[in-house]
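Each remark here refers to the structure printed beneath this line.
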Amino acid sequence: MPQYCDAKVRTNSQKSSTFAKKLIKMLSPTHKAGFVNIVGKPNVGKSTLMNILVGERLSIVSSKAQTTRHRILGLINTDEYQIVFSDTPGMLKPKYELHKNMMSFVNISLEDADVIVFVTDLYETEEEIEEVITKINASGVPVLLVINKIDLAKEGQLDEVTAYWTSRIKSETVIPISALEKFNTERILQEILDRLPIHPPYYDKEELTDRPERFFASEIIREKIFTNYKKEIPYSTEVAIEDFYEEEVIIKIRATIFCERESQKGILIGDKGKMLKKVGIESRLELEKFFGKKVFLETFVKVEQDWRKNKLKLKKFGYDPT
């Protein structure tokens, strides 16, 4: 047998051996895996926390409430365990169909959780989410009560907030953190691992998330809408990726920003197209950072009247948690 063939055979054999070792570890009686679902009211820092825990920027973040609309999975993989994190929309009292769909994602996340990470901060109360808290307490799932933004705490405030929430949530432990400063977040990971069940991995160990690239492209553009517009505009818009072509050195993306009214379309575009151009530039830079490639981005604006209140239109935009 020629020498190069022998080398190839040895290489394949080594690959098979490596795969076999990985498989044995994944099927190990000590391997842990489970769903860790992050829940809480809007704007308490859930998305920031998941990004820190996963080590990747999977969930978009803004200072405005209700930024997250979908359930987004992020995975941590080692030879010993797989943690399937789930960032969910903020818990709220639904006002229209979009909110109902967002809350459906929350309810589903409570049903399949192995560990619930309930995130609050120094300022939120249980008002408007009493029903969800009842479900959490009745779930029988271990709950980690995470109190965020403690870097802003005044004297005695953390003790008061801790007393308030421990009287309402059946939690196994309380973890005060500052997600912004990444303070005490590593403790959350250890507390999760202590409660994670023995189980084979649910996803391929090479995966980071269950979402396709198109989804993250639309979320990045939507984030820039949240940071550049005020009042109702961010909440009235949705982003659809019409084309996504990946070449060796560049990704070509065509995106449509949908809004509910003609007046909103004018605001989104801005005087002589300046606002839309600004959103496009900021989105392209963030997309290039995310994908690690040059990006050519085209953006358009269309009106989809009252899409937030229409079940069929919501389904078209991917709000179908069933």
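All heavy atoms count here, side chains included; hydrogens, waters and symmetry mates do not.
Atoms CG and OG1, on Asp79 and Thr30 in that order, are 10.5 Å from each other to the nearest 0.5 Å. With values rounded to the nearest 0.5 angstrom, Tyr229 atom OH is found 10.0 Å from Cys259 atom SG. Leu53 contributes atom CG, which lies 11.0 Å from atom OG1 of Thr48 (distance to the nearest 0.5 angstrom). To the nearest 0.5 Å, atom CG of residue Leu144 and atom CG of residue Leu189 are 11.0 Å apart. Atoms CG and NZ, from Asn51 and Lys46 in turn, are 12.0 Å apart once rounded to the nearest 0.5 Å. Gln190 contributes atom CD, which lies 13.0 Å from atom OG1 of Thr185 (distance to the nearest 0.5 angstrom).
Looking at Lys170, its side chain never comes within 3.5 Å of a backbone N or O of Pro142 through a donor-acceptor pair. For the pair Ser171 (side chain) and Val174 (backbone), a donor-acceptor distance under 3.5 Å is absent. In this structure, the side chain of Asn37 does not engage the main chain of Ile116 through any donor-acceptor pair within 3.5 Å. At least one donor-acceptor pair closer than 3.5 Å links the side chain of Arg214 to the backbone N or O of Ile241. For Gln264 (side chain) and Glu260 (main-chain N/O), a donor-acceptor pair under 3.5 Å exists by modelled atom type. For Lys205 (side chain) and Thr78 (main-chain N/O), a donor-acceptor pair under 3.5 Å exists by modelled atom type. No side-chain donor-acceptor contact under 3.5 Å links Asp271 to the backbone of Lys274. Side chain of Gln82 to main chain of Tyr202: a donor-acceptor pair is present (N/O by atom type, distance under 3.5 Å, no hydrogens or angles). Side-chain atoms of Asn137 never come within 3.5 Å of backbone atoms of Ile169 as a donor-acceptor pair (strictly under, hydrogens ignored). Without hydrogens or angle criteria, Asn184 side chain to Pro176 main chain gives a donor-acceptor distance under 3.5 Å.
Counting heavy-atom neighbours within 6.0 Å of Ile250 CD1, excluding the residue itself, gives a total above 12. In the displayed structure, Glu131 atom CD is contacted under 6.0 Å by at most 12 heavy atoms of other residues, nucleotides or ligands. Applying the 6.0 Å contact sphere to CD of Gln305 captures no more than 12 heavy atoms from other residues, nucleotides or ligands.
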Start with the C-alpha distance between Leu287 and Phe290, add both sets of side-chain angles, then the distance that settles side chain to side chain contact (heavy atoms under 4.5 Å, CB included), and finish with yes or no.
CA-CA 5 Å; Leu287 288 163; Phe290 185 85; 5.6 Å; no
List the steps, then state whether side chain to side chain contact (heavy atoms under 4.5 Å, CB included) holds for Val84 with Val36.
CA-CA 6 Å; Val84 185; Val36 177; over 6 Å; no
Can you list the steps and then say if Phe258 with Val303 is a side chain to side chain contact (heavy atoms under 4.5 Å, CB included)?
CA-CA 6 Å; Phe258 290 93; Val303 176; over 6 Å; no
Going through the checks in order, is the side chain to side chain contact (heavy atoms under 4.5 Å, CB included) test met by Ile177 and Ile150?
CA-CA 6 Å; Ile177 70 162; Ile150 63 166; 5.7 Å; no
Show your reasoning for whether salt bridge (Lys or Arg N to Asp or Glu O under 4.0 Å) applies to Glu286 and Lys224.
CA-CA 9 Å; Glu286 196 66 45; Lys224 299 311 172 188; 3.6 Å; yes
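Ile253 has its side chain out of reach of Asp243: every pair of non-hydrogen atoms, C-beta onward, lies at least 4.5 Å apart. When side chains are defined from C-beta on, Ile251 does not count as touching Phe296, because their heavy atoms never get closer than 4.5 Å. Taking the side chain as every heavy atom from C-beta outward, Pro201 and His31 approach each other to under 4.5 Å. Looking only at side-chain heavy atoms (C-beta outward), Leu75 and Ile83 stay at 4.5 Å or farther from each other. Side-chain contact check for Leu276 versus Val301: some heavy-atom pair is nearer than 4.5 Å. Residues Thr120 and Val146 form no side-chain contact, since every pair of their non-hydrogen atoms from C-beta on lies 4.5 Å or further apart. By the 4.5 Å heavy-atom criterion applied to side chains, Val39 and Val117 are not counted as neighbours. Considering only heavy atoms from C-beta on, Val239 stays 4.5 Å or farther from Thr256 through its side chain.
Criterion: ILVMFWY side-chain heavy atoms under 4.5 Å apart, direct or through other members. Under it, Leu158 and Leu152 are part of a common hydrophobic cluster. In the hydrophobic clustering of ILVMFWY residues, with side-chain heavy atoms under 4.5 Å counting as a link, Tyr123 and Ile147 come out together. Put simply, Phe226 and Leu180 are part of two different groups of oily side chains (I, L, V, M, F, W, Y) that touch within less than 4.5 Å, one to the next.
Salt bridge present: Arg168 and Glu126 bring a charged side-chain N and a carboxylate O closer than 4.0 Å. For the pair Arg195 and Glu172, the salt-bridge criterion is met [side-chain N within less than 4.0 Å of a carboxylate O]. Between Glu288 and Lys293, none of the side-chain N atoms (NZ, or NE/NH1/NH2) sits under 4.0 Å from a carboxylate O, so this pair counts as no salt bridge. Between Arg254 and Glu242, no side-chain nitrogen of the basic residue sits less than 4.0 Å from a carboxylate oxygen of the acidic one, so the salt-bridge criterion is not met.
Within the structure, ring pair (Phe, Tyr, Trp, His ring centres under 6.0 Å) pairs that include any residue of residues 145-173 comprise Phe118-Trp165 (at least two apart or interchain).
The two atoms that bring Thr237 and Trp307 nearest to each other are O-CZ2, 3.5 Å, heavy atoms only. For the pair Ala255 and Leu297, the tightest heavy-atom approach, listed with the atom from each and the gap, is CB-CD1, 4.4 Å. The minimum heavy-atom distance linking Arg284 with Val295 is given by the pair CD-O, 3.2 Å. Pairing each heavy atom of Val141 with each of Ala113, the nearest pair is CG2-O, 3.6 Å.
Aromatic ring centres of Phe291 and Phe244: separated by under 6.0 Å.
Residues forming a side-chain hydrogen bond (donor to acceptor under 3.5 Å, both in side chains) with Thr173 (at least two apart in sequence, or on another chain): Arg187.
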